[in-house]
Number of protein chains: 2
Amino acid sequence: MGSMFTLGELERSVMDLLWESSTPMSAYELQDALAASGAAPDTKKLAATTVLTVLSRLEKKGFVGRERASRPHRYRAEGSREDHMAELMHQVLGGASDRVAVLERFIGQATPGETDLLRKLLDTSGR
Amino acid sequence: MGSMFTLGELERSVMDLLWESSTPMSAYELQDALAASGAAPDTKKLAATTVLTVLSRLEKKGFVGRERASRPHRYRAEGSREDHMAELMHQVLGGASDRVAVLERFIGQATPGETDLLRKLLDTSGR
DNA sequence: CATACGTTCTACGTAGCGTAGAAATTGTTC
DNA sequence: GAACAATTTCTACGCTACGTAGAACGTATG
């Protein structure tokens, strides 16, 4: 079974919309939003079933949940984009035998802004 | 074209061996090493051509380089595993609109050991 | 130059994802 | 409650990446 943590292009586009939206969205709203953003899928509207299929797959992967109560089911992201990304980063880090070396490189490659931010965050949270 | 940064299971096994090895390895050495480690590919020996195919693909992806001088070509990893992982982490971070939030989560989810380490690294490198 | 070893070419099976029609379900309206 | 419309689920097909390896080709050496 694939890493279970990777997203295809369309899947990502859908997640981007759901992560952005403060309220759950129906497949039809997503269909329109996707056509509007024109991002990953070109400018033409996808079939509704396509969006539904993707949503089902995302649900199976645990990325979205759905409210079956309302008739057009409404989908919402499980966890924020930031949660997801932070988790991805930890996943990468977790796969390393030598975390010190990885983090060294990570810090080394970071921009000044990022290191500043990290310092700040570590100061705040860590004590 | 796929992200160009993901590795399949066998590809990863090969990279693990190359990353570990201090000297370049021939396809045949890798073939044996893979059978020995028995990690990703079960315990049975893969065909030599299989290993060569994978190595070619890894070369195309820029993960390995080869010395064509010696007759059994010798392959070496381009960049350390740590470099790769750090790059992956930055890649994830780079795809975020709100890095602050991602790094917040990242720090939040980090183990005490990791935060300590980060503090140390930031202290050292930062000035 | 024949032979053995090594490399490249070609190819097939599988799985994930984009895509969507067909079929089933459900809510709604006389 | 039967017909209709909206919605969801089922089924399926094409494409690409990757694991896998045989066939064909190249090359050095006795």
Side-chain angles (χ1 to χ4, degrees), chain A residues 1-18 24-35 37-76, chain B residues 1-18 24-35 37-76:
Chain A
M1 195 179 282
S3 333
M4 206 67 200
F5 281 103
T6 39
L7 296 175
E9 193 165 358
L10 179 54
E11 289 176 335
R12 170 157 296 283
S13 298
V14 169
M15 285 313 298
D16 279 340
L17 288 168
L18 289 179
M25 296 177 75
S26 73
Y28 301 88
E29 290 170 331
L30 284 165
Q31 181 186 25
D32 290 339
L34 284 168
S37 74
D42 49 50
T43 317
K44 105 192 209 324
K45 219 173 179 180
L46 291 170
T49 53
T50 299
V51 181
L52 268 301
T53 301
V54 169
L55 284 168
S56 294
R57 289 177 182 164
L58 287 172
E59 190 185 26
K60 190 172 310 175
K61 291 187 192 181
F63 280 94
V64 310
R66 82 167 87 182
E67 295 169 8
R68 288 191 144 89
S70 60
R71 194 33 172 146
H73 295 179
R74 307 188 84 73
Y75 301 79
R76 84 195 108 61
Chain B
M1 198 179 280
S3 333
M4 207 67 200
F5 281 103
T6 39
L7 296 175
E9 194 166 355
L10 179 54
E11 289 175 335
R12 170 157 296 283
S13 298
V14 170
M15 286 313 298
D16 279 340
L17 288 167
L18 289 179
M25 296 176 75
S26 74
Y28 301 86
E29 291 170 330
L30 283 166
Q31 182 186 25
D32 290 339
L34 283 169
S37 73
D42 48 50
T43 316
K44 104 192 207 333
K45 217 173 179 180
L46 291 170
T49 53
T50 298
V51 181
L52 285 175
T53 300
V54 169
L55 284 169
S56 293
R57 289 178 182 164
L58 287 172
E59 190 185 26
K60 190 172 309 178
K61 291 187 191 181
F63 280 93
V64 311
R66 82 167 85 182
E67 294 169 10
R68 289 193 144 88
S70 60
R71 193 37 172 143
H73 294 179
R74 308 188 83 71
Y75 301 79
R76 82 196 111 59

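Each chain gets a letter, A, B and so on, in the order the sequences are listed, and its residues count up from 1.
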Item to complete: Walk me through it: do Leu7(A) and Val14(A) pass the test side-chain contact (heavy atoms from CB on, under 4.5 Å)?
Response: CA-CA 10 Å; Leu7(A) 296 175; Val14(A) 169; over 6 Å; no
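Remark: Thr50(B) is not in phosphate contact with dG19(D), judged by side-chain N or O atoms under 4.0 Å from OP1 or OP2. Distances shorter than 4.0 Å separate none of the side-chain N or O atoms of Lys60(B) from OP1 or OP2 on dC18(D). Side-chain nitrogen and oxygen atoms of Lys45(A) include none within less than 4.0 Å of the OP1 or OP2 phosphate oxygen of dA20(C). Residue Lys61(B) places at least one side-chain N or O under 4.0 Å from the OP1 or OP2 atom of dC18(D).
Taking CG of Leu58(A) as the start and CG of Leu10(A) as the end, the distance is 8.5 Å to the nearest 0.5 Å. Between atom OH of residue Tyr28(A) and atom NE2 of residue His73(A) there is a gap of 10.0 Å, rounded to the nearest 0.5 Å. Tyr75(A) contributes atom OH, which lies 3.5 Å from atom CZ of Arg66(A) (distance to the nearest 0.5 angstrom).
Atoms CG (Leu46(A)) and P (dG21(C)) sit 11 Å apart, rounded to a whole Å. The nearest whole Å value for the distance from the CG atom in Leu10(B) to the P atom in dA17(D) is 17 Å. Between Leu52(B) atom CG and dA21(D) atom P there is a gap of 12 Å when expressed in whole angstrom units. Computed from coordinates, the Leu7(A) CG to dC17(C) C1' distance equals 11 Å when rounded to whole Å. Distance Leu30(B) CG to dG6(C) C1': 15 Å, rounded to the nearest Å. We find that CG of Leu34(B) is positioned 15 Å from C1' of dA21(D), with the value rounded to whole Å. In this structure, the OH atom of Tyr28(B) is 14 Å from the P atom of dA21(D), given to the nearest Å. In this structure, Leu55(B) atom CG and dT8(C) atom P are separated by 10 Å, rounded to whole Å.
Ranked by how close their nearest DNA chain D nucleotide is to the 5' end, Arg71(A) and Arg57(A) are led by Arg71(A).
Across all strands shown, Thr53(B) has heavy atoms under 4.0 Å from base atoms, whether or not it also approaches the sugar-phosphate. Looking at heavy-atom distances under 4.0 Å, Arg66(A) makes contact with sugar-phosphate atoms alone, never a base.
You won't find any donor-acceptor pair under 3.5 Å spanning the side chain of Arg68(B) and the base of dG6(C), going by distance alone.
Picking from dT9(D), dG19(D), dG18(C) the nucleotide with the shortest atom distance to the side chain of Thr49(A) gives dT9(D). You'll find that the side chain of Glu11(A) is closest to dG18(C), out of dT8(C), dC18(D), dG18(C).
Residues Arg57(B) and Glu11(B) are not paired through a salt bridge, judged by the lack of any N-O separation under 4.0 Å between the basic side chain and the carboxylate.
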